[in-house]
Structures are given as structure tokens and as C-alpha cells.
Amino acid sequence: MKRAMSWKEQVDVISSDDSSSSDSEIEVNDGCDQNLPVNQWCDGKQPDNDESDGKQPMNNVALAQLSKEITPEDALVRRAEMYQVYMKQIPIPTHRGSVIPFNTWMGLGKSIKQLYGQPLHYLTNSLLRQWDQLRIGSEDENKPLDTIIHPCKAEAAIWLMEEVHRCTSSHLHLAKIWHFDPMHHTFVDNIFPQL
């Protein structure tokens, strides 16, 4: 059996016809020598060098760092970051040629998504829901909203909010909100436009 090289040694790789055989043997140094007594950090093996002084061998430390456990909070922040980056890439429509009739803010948002074929930001969807909730108990609660607010103004207001949410929202703020809202995915649209 060949003696494995230490990770610290420099290796020159030279490609030649003799060494390019597909059944040539490749050995990897795992920092342990099978001929020495068992150590707590190696599976049935002892480190090559005695310089460890009670510390973990370098190889195991690297593996511990690579296999660092990702917390659910870290995963949520990463998802929020990916979501925000994706939403920034979607352009806001510039041509709005039709008047959309609507009864509720959420209804207008749904019509906008269908008409333009693109999602609305989570924060915009949440705000539309809040605006609908604000109408509960008012004297105009059952009146269609497009008779109170002109449809063009309402649509322009939604696109303005959408632009603010897409361009300026922090993924950390989004992750914080998602952390306290277990049903946040219901306000993340599953519409994927061609970018």
C-alpha cells in the first residue's frame, strides 16, 4: 500500500500517456494512519502527526465546518433573499391600457396578475388584504370598490406600491415577517413570467 501524501505538501500534476490510465490508483489522505492506535477523532485510525496537542486533526475540523448545521432561520433568510432578488428582476409594466372593474383590493390584485401575467410582491398582497379588512364595518363595505375609487387610480396605486416593494424591500425584513407568519406562502404568488 502506498503512503498517502499530506495535505500540506504541494503536488504537481503532469498529464502524460503513462499516468492517464483509467485504472490507476488514486489515494486520498484523510489525516489518519491505519498502523497506529485508535484516536477519538478518526474511525479506527490515528493521525499521521503527533502535532495535534489534543486538538482535532485539520481534516476533521474542515469537515465539521462544511457540515455546519443550517438553522431554519438561516434557511428562511436565504429564501427571502432569493425571493427578493427574483422580484427585483421582474419589470413593472409601463403600458396599462385597460380599465379593470373590481369589488375588492384583493380582487383587483388577482385581475392584475391575470392581465399582466406576473406576480405581485408578498408585501403588496399583504397590503391589499389589509386594505380590504379596513373596509369591514364601514358604510360602503358592500359597495363595489371601483365605484368609490377610479379603477385607473387604484391600479396605479398598486403598481406604485409594487415598485417600492420590489426595489427597496430588505430580505431580512421579509424573513422576519415570514418567521412570524406561518402562512406566508399563501401571499407568495406562483406566477413565473419570462424574464
Which atom names give the shortest non-hydrogen contact between [X] and [Y], and what distance separates them?
X      : Y      : answer
Arg135 : Asp140 : NH2-O, 2.7 Å
Trp131 : Met161 : CH2-SD, 3.5 Å
Ala80  : Trp178 : CA-CZ3, 3.6 Å
Leu108 : Glu155 : CD2-N, 4.1 Å
Glu162 : Thr124 : OE1-OG1, 2.7 Å
Gly109 : Ile158 : N-CD1, 4.5 Å

Heavy-atom donor-acceptor pair, [X] side chain to [Y] backbone, under 3.5 Å:
X      : Y      : value
Arg129 : Met106 : no
Tyr83  : Tyr122 : yes
Asp146 : Phe102 : yes
Thr147 : Pro144 : yes
Gln118 : Pro91  : yes
Asp132 : Trp105 : yes

#### Entry: side-chain contact (heavy atoms from CB on, under 4.5 Å) evaluation trace for Met82 with Val85
CA-CA 5 Å; Met82 289 173 25; Val85 167; 5.8 Å; no
### Message
Can you tell me if Glu141 has over 12 outside heavy atoms packed within less than 6.0 Å of its CD?
### Response
yes
### Task
Under the side-chain contact (heavy atoms from CB on, under 4.5 Å) rule, what do Arg78 and Glu81 come out as? Steps first, then yes or no, please.
CA-CA 5 Å; Arg78 180 68 180 133; Glu81 182 180 19; 3.3 Å; yes
### Task
Go through Leu174 and Ser169 one step at a time and tell me if the side-chain contact (heavy atoms from CB on, under 4.5 Å) criterion holds.
CA-CA 8 Å; Leu174 207 55; Ser169 296; 5.7 Å; no
### Message
Side chains of Lys113 and Asn125: any donor to acceptor distance under 3.5 Å?
### Response
yes
### Task
Determine, for Glu163 against Arg166, whether the closest basic-nitrogen to carboxylate-oxygen distance falls under 4.0 angstrom.
no
### Trp159 vs Thr94 side-chain heavy atoms within contact, under 4.5 Å
no
